[in-house]
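Down below is the structure, laid out as structure tokens.
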Amino acid sequence: MSEVYESKNFIQEKIEADIDSGKHEGRVHTRFPPEPNGYLHIGHCKAIYINFETAAKYGGKTNLRFDDTNPVTEDTEYVESIQRDIKWLGYQWEGDPLFTSDYFDQLFDFAVTLINKGLAYVDPSSSDEMAQQKGTPTQAGTNSPYRDRPVEENLKLFHEMREGKHPDGAMVLRAKIDMSAPNMLMRDPIIYRIKHAHHHRTGDKWCIYPMYDFAHGQSDSIEKITHSLCSLEFMHHRPLYDWFIENIGIFPSKQTEFARMNVAYMITSKRKLLKLVNENFVEGWDDPRMSTLSGMRRRGYLPKSLRRFCEVTGVAKRDNLIEFELLESIVREDLNQSATRVMVVQDPIKVVITNYEEGKSELLPVANNPQDESAGHHEMQFSREIYIERGDFMLDPPKKYFRLAPEKHVRLKGAYIIKADSYKTDENGNVTEVHCTYFPESKSGQDTSGIKAKGVLHWVECASAIDVELKLYDRLFTDPTPDKHEGKDYIDFYNKDSLIVVPNAKAESYLAHVGSDESLQFMRKGYFIKDQSSSDDKLVFNRTITLKDTWAKMQKK
RNA sequence: AACCGUGUGUUGUAAUGGUAGCAUUUGAGAUUUUGACUCUCAAGGUAAAGGUUCAAGUCCUUUCAUGGUUGCCA
């Protein structure tokens with residue numbers, strides 16, 4: 001048996017080393033710990049992928065834990081959207097969703113433990129004073145005058161904090177570590193603060209809340225998480241993470257950091273996304289232009305594409321900026337495999353086939369997906385008057401133009417070859433109607449005409465066409481890193497053409513019956529999905545992405 | 001400046017000290033009843049300098065570049 005060398009990322013190598021050494025009896029348990037204060041975005045997508053896939057690879061489990069230690073910003077709306085999005089992505093967490101707030105009692109006890117060990121103290125210093133004490137990265141800090149407060153006094157004050165005897169900001173509980181540590185986080189970090197605020201789950205039970213550093217690691221430990229995978233920004237927190245676990249004496253979860261994924265033209269700052277929503281640059285968190293999972297779902301991206309995107313972009317520790325084109329190529333590749341082909345004319349111009357008998361019509365079969373024989377076909381009505389795309393007819397075509405022009409032949413996809421004979425114009429010289437003749441022997445699939453037509457056009461028969469609204473989406477920003485320019489706001493790079501509405505496109509009747517989960521390809525145009533805002537009276541389709549267009553690219557040169 | 005990280009084609013990511021590969025992108029061509037898809041070919045890379053070694057992207061040293069760290073956010 002020859003062994004194929006399998007390349008592993010650094011997290012997998014670390015886990016395999018742990019398994020080989022018998023750590024935790026080879027158990028692998030990860031967690032995804034979002035704060036419920038915003039919608040999940042492409043960056044979370046990567047974290048979800050890494051946590052769930054890594055555990056699954058080693059037969060382990062993954063918890064979903066809401067890191068809800070800041071009642072001021074958190075809300076149940078987000079708790080729900082987050083669960084919906086993770087499920088949509090295709091992952092299922094272990095058991096019920098968990099909440100850091102469920103551990104508030106234990107965390108309080110942990111704090112008491114530290115106080116009793118002389119490793120935490122209550123400090124009434126003001127915010128400014130504490131900042132002074134902290135020093136700077138190059139300058140050691142100084143001890144708080146309250147650092148050596150006796151244990152009994154700390155205990156009494158801490159309980160008073162809990163009982164609501166002190167207002168917000170009056171005092172905090174601090175860990176007693178090392179005010180001269182090179183790592184600023186080790187300079188007696190705050191672990192509990194007073195916040196007389198209503199919590200989305202614990203209500204008014206608490207008026208003190210633990211800080212992230214005093215909640216996250218311990219929550220991992222309580223859940224017996226073996227591998228706590230997080231992004232690089234928490235690297236500096238690892239010594240603190242370990243310090244608390246060690247000094248409280250609880251299960252030794254270990255943190256490993258990876259570089260978070262950055263994607264060109266997408267922003268992932270919750271605050272900046274929220275501003276786009278609040279100031280109506282987009283229609284909501286699920287606007288198809290947003291980098292949120294909800295947005296990408298509404299845009300028509302498939303969950304498997306997102307998973308594959310995460311896989312293909314890999315796991316490493318270096319900063320990265322993934323090209324948007326890579327995401328697009330994956331989205332196209334998956335959609336190409338499964339999308340139903342239909343014809344929709346975005347900017348119609350009427351074509352009259354003068355030698356086609358008036359009043360006659362026929363039904364012509366069109367393959368649902370040439371990539372997949374088993375997808376079958378549907379029928380399109382054909383008759384004397386049809387619409388084609390305005391841009392597919394030119395009076396004075398350039399070289400290598402395969403489309404319709406006077407005296408030129410084209411194939412109507414799935415139908416006949418036609419030749420343009422004449423046309424009508426309005427008073428401004430714009431073409432309003434094209435008159436053609438068709439070749440009865442050139443019928444699709446049984447062509448005996450011998451006529452060669454290089455161009456193939458999509459079309460929709462006038463009488464049976466239905467009106468639909470199209471929303472053509474493009475990237476939200478005109479710059480790949482809109483929020484990385486000094487002195488410029490990311491809003492300055494807002495792409496005003498990121499949404500173009502086509503109110504009256506002409507679609508074949510098939511679209512009247514599609515569901516909102518059916519991926520569609522509007523032939524020669526792009527991939528679309530029915531929007532949730534559609535009603536029986538008004539159908540709306542979102543453009544997921546265009547088809548590649550080499551002709552347009554050639555034209556630009 | 002100090003501390004902690006990170007440097008492989010345009011971008012992303014592989015390579016057990018032993019042939020620098022894959023995808024994307026770009027370009028050329030073939031094919032095509034979607035100027036799509038598919039196929040073929042091509043372009044393009046180990047930050048720099050030294051060292052160890054039969055052999056260095058990989059190990060060591062120095063330099064350079066780059067990210068993070070001075071919230072009662074997570």
Side-chain angles (χ1 to χ4, degrees), chain A residues 5 7-9 33-35 37 67-70 72-74 100 123 126-127 130-132 134-141 168-174 181-185 187 189-195 208-209 211-213 215-216 230 232-239 257 259 261 264 270-271 312-330 332-333 336-337 341 343 366-367 370-371 400-403 410-415 417 442 444-445 447 453-458 480 521-527 546-555:
Chain A
Y5 180 78
S7 85
K8 301 179 187 77
N9 64 49
E35 183 188 12
N37 69 346
D67 217 341
D68 53 351
T69 58
N70 185 1
V72 180
T73 57
E74 295 153 6
T100 300
D123 193 338
S126 71
S127 190
M130 257 183 267
Q132 284 294 315
K134 278 238 166 180
T136 67
T138 50
Q139 214 168 20
D168 288 7
M171 55 188 67
V172 296
L173 184 68
R174 286 228 255 177
N183 181 345
M184 299 290 288
L185 286 162
R187 324 247 263 227
I190 293 170
I191 59 181
Y192 260 97
R193 77 285 214 196
I194 302 173
K195 267 183 196 287
I208 58 172
Y209 293 92
M211 298 289 288
Y212 165 83
D213 285 305
H216 195 93
C230 64
L232 244 32
E233 52 182 319
F234 294 100
M235 192 171 51
H236 305 278
H237 296 252
R238 188 177 352 117
E257 310 88 5
M261 179 171 74
K270 284 189 220 173
R271 186 179 55 79
V312 165
T313 51
V315 180
K317 294 182 87 154
R318 50 189 111 100
D319 294 331
N320 59 76
L321 180 64
I322 316 243
E323 291 178 327
F324 196 65
E325 287 81 353
L326 179 59
L327 212 207
E328 292 187 318
S329 93
I330 287 173
R332 282 199 185 101
E333 198 174 306
N336 181 45
Q337 296 304 317
R341 268 60 171 178
M343 297 196 215
V366 178
Q371 314 289 325
K400 287 191 167 179
Y401 184 81
F402 306 154
R403 278 102 105 141
V410 292
R411 150 86 54 192
L412 294 174
K413 174 77 186 175
I417 292 175
S442 67
S444 187
D447 186 351
K454 179 82 173 160
V456 179
L457 305 187
H458 62 286
Q521 187 198 89
F522 292 6
M523 269 191 274
R524 303 212 300 136
K525 284 296 174 184
Y527 294 100
T546 60
L547 250 34
K548 271 201 209 161
D549 192 345
T550 4
W551 172 244
K553 200 190 277 181
M554 280 164 62
Q555 292 294 286

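What you see is a predicted model; the values in this text were computed from it and never measured. Residue numbering restarts at 1 for every chain, and letters A, B, ... go by the order of the sequence lines.
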Give me, pair by pair, the N or O atoms of the protein and of nucleotides 31-33 of chain B that are less than 3.5 Å apart, along with how far apart they are.
| unit_1 | atom_1 | unit_2 | atom_2 | d |
| --- | --- | --- | --- | --- |
| U32(B) | O4 | Lys454(A) | NZ | 3.3 |
| U33(B) | O2' | Lys413(A) | NZ | 3.2 |
| U33(B) | O2 | Gly414(A) | N | 3.1 |
| U33(B) | N3 | Ser444(A) | OG | 2.6 |
| U33(B) | O4 | Arg411(A) | NH1 | 3.0 |
| U33(B) | O4 | Arg411(A) | NH2 | 3.3 |
| U33(B) | O4 | Ser444(A) | N | 3.3 |
| U33(B) | O4 | Ser444(A) | OG | 3.0 |
| U33(B) | O4 | Gly445(A) | N | 2.9 |

Starting from [atom2] on [N], measure out to [atom1] on [X] and report it in whole angstrom.
X: Glu325(A); N: U11(B); atom1: CD; atom2: C1'; answer: 9 Å
X: His216(A); N: A74(B); atom1: NE2; atom2: C1'; answer: 9 Å
X: Lys400(A); N: G29(B); atom1: NZ; atom2: C1'; answer: 11 Å
X: Ile190(A); N: G71(B); atom1: CD1; atom2: P; answer: 10 Å
X: Glu323(A); N: G44(B); atom1: CD; atom2: P; answer: 18 Å
X: Arg332(A); N: U34(B); atom1: CZ; atom2: C1'; answer: 14 Å
X: Leu326(A); N: C22(B); atom1: CG; atom2: P; answer: 16 Å

Base, sugar-phosphate or nothing for [X]? Non-hydrogen atoms, less than 4.0 Å.
X: Lys134(A); value: nothing
X: Tyr527(A); value: nothing
X: Asn320(A); value: sugar-phosphate
X: Pro370(A); value: base
X: Val315(A); value: sugar-phosphate
X: Glu233(A); value: base
X: Met184(A); value: sugar-phosphate
X: Thr136(A); value: base
X: Met343(A); value: nothing
X: Phe234(A); value: base
X: Leu185(A); value: nothing

Tell me which nucleotide, if any, is Watson-Crick or G-U wobble paired with [N] when both distances must be under 3.5 Å.
N: C22(B); value: G12(B)
N: G17(B); value: none
N: C39(B); value: G29(B)
N: U66(B); value: G5(B)

Given [options], which nucleotide is nearest the side-chain atoms of [X]?
X: Asp549(A); options: U13(B), U26(B), G35(B); answer: G35(B)
X: Arg524(A); options: C37(B), U24(B), G35(B); answer: G35(B)
X: Lys548(A); options: U70(B), C37(B), G35(B); answer: C37(B)
X: Thr138(A); options: U69(B), A1(B), G35(B); answer: A1(B)
X: Met130(A); options: A74(B), C3(B), C72(B); answer: C72(B)
X: Asp319(A); options: A36(B), C72(B), G67(B); answer: G67(B)
X: Arg403(A); options: U6(B), A74(B), G35(B); answer: G35(B)
X: Leu547(A); options: U34(B), C72(B), A14(B); answer: U34(B)
X: Asn9(A); options: U34(B), A14(B), A74(B); answer: A14(B)
X: Arg318(A); options: C37(B), A74(B), A14(B); answer: A14(B)

Margin query: Tell me if a side-chain donor or acceptor on Arg187(A) pairs with a main-chain N or O of Lys134(A) at a distance below 3.5 Å.
Written below: yes
Does [N] have its OP1 or OP2 closer than 4.0 Å to a side-chain nitrogen or oxygen of [X]?
X: Thr550(A); N: A36(B); answer: yes
X: Lys8(A); N: U16(B); answer: no
X: Thr73(A); N: C73(B); answer: no
X: Lys195(A); N: C73(B); answer: yes
X: Arg193(A); N: C73(B); answer: yes

Item checked: Residue mapping more 5' on RNA chain B - nearest nucleotide basis, Ala259(A) or Asp123(A) ->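 Its nearest nucleotide lies further toward 5', so the answer is Ala259(A).
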Notebook entry, point to check: When you match Ile322(A) and Asn37(A) each to their closest nucleotide on RNA chain B, which lands nearer the 5' end?
Noted result: Ile322(A)
Rounded distance [0.5 Å steps], [atom1] in [X] versus [atom2] in [Y]:
X: Ser127(A); Y: Arg193(A); atom1: OG; atom2: CZ; answer: 12.5 Å
X: Glu74(A); Y: Asn37(A); atom1: CD; atom2: CG; answer: 6.0 Å
X: His237(A); Y: His216(A); atom1: NE2; atom2: NE2; answer: 10.5 Å
X: Arg332(A); Y: Thr546(A); atom1: CZ; atom2: OG1; answer: 4.5 Å

Under the 3.5 Å rule, do the base of [N] and the side chain of [X] count as making a donor-acceptor pair?
X: Arg341(A); N: U34(B); result: yes
X: His237(A); N: A74(B); result: yes
X: Glu328(A); N: U24(B); result: no

Next item on the list: Tell me, yes or no, whether the heavy-atom count around Gln337(A) atom CD, taken from other residues, nucleotides or ligands under 6.0 Å, exceeds 12.
Entry: yes
Next item on the list: Could you check whether Trp551(A) and the base of G35(B) form a stacked pair, meaning centres closer than 5.5 Å and planes differing by less than 30°?
Entry: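 Aromatic stack with G35(B) present for Trp551(A).
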Checklist line | Identified side chain to side chain contact (heavy atoms under 4.5 Å, CB included) partner of Leu457(A) from the options Lys413(A), Met343(A), Arg403(A), Arg411(A) | finding: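 In the set Lys413(A), Met343(A), Arg403(A), Arg411(A), the residue that makes a side chain to side chain contact (heavy atoms under 4.5 Å, CB included) with Leu457(A) is Arg403(A).
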Check: With respect to Lys195(A), which candidate in Thr69(A), Ile208(A), Asn70(A) satisfies the side chain to side chain contact (heavy atoms under 4.5 Å, CB included) definition?
Finding: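 Among Thr69(A), Ile208(A), Asn70(A), the one that satisfies the side chain to side chain contact (heavy atoms under 4.5 Å, CB included) with Lys195(A) is Asn70(A).
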Next item on the list: Please lay out, stage by stage, how Tyr212(A) and Phe234(A) fare under the test side chain to side chain contact (heavy atoms under 4.5 Å, CB included).
Entry: CA-CA 11 Å; Tyr212(A) 165 83; Phe234(A) 294 100; 3.3 Å; yes
Margin query: Taking only the C1' atom of each, what is the distance from G44(B) to G27(B) in whole angstrom?
Written below: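 Between the two C1' atoms, the distance is 12 Å.
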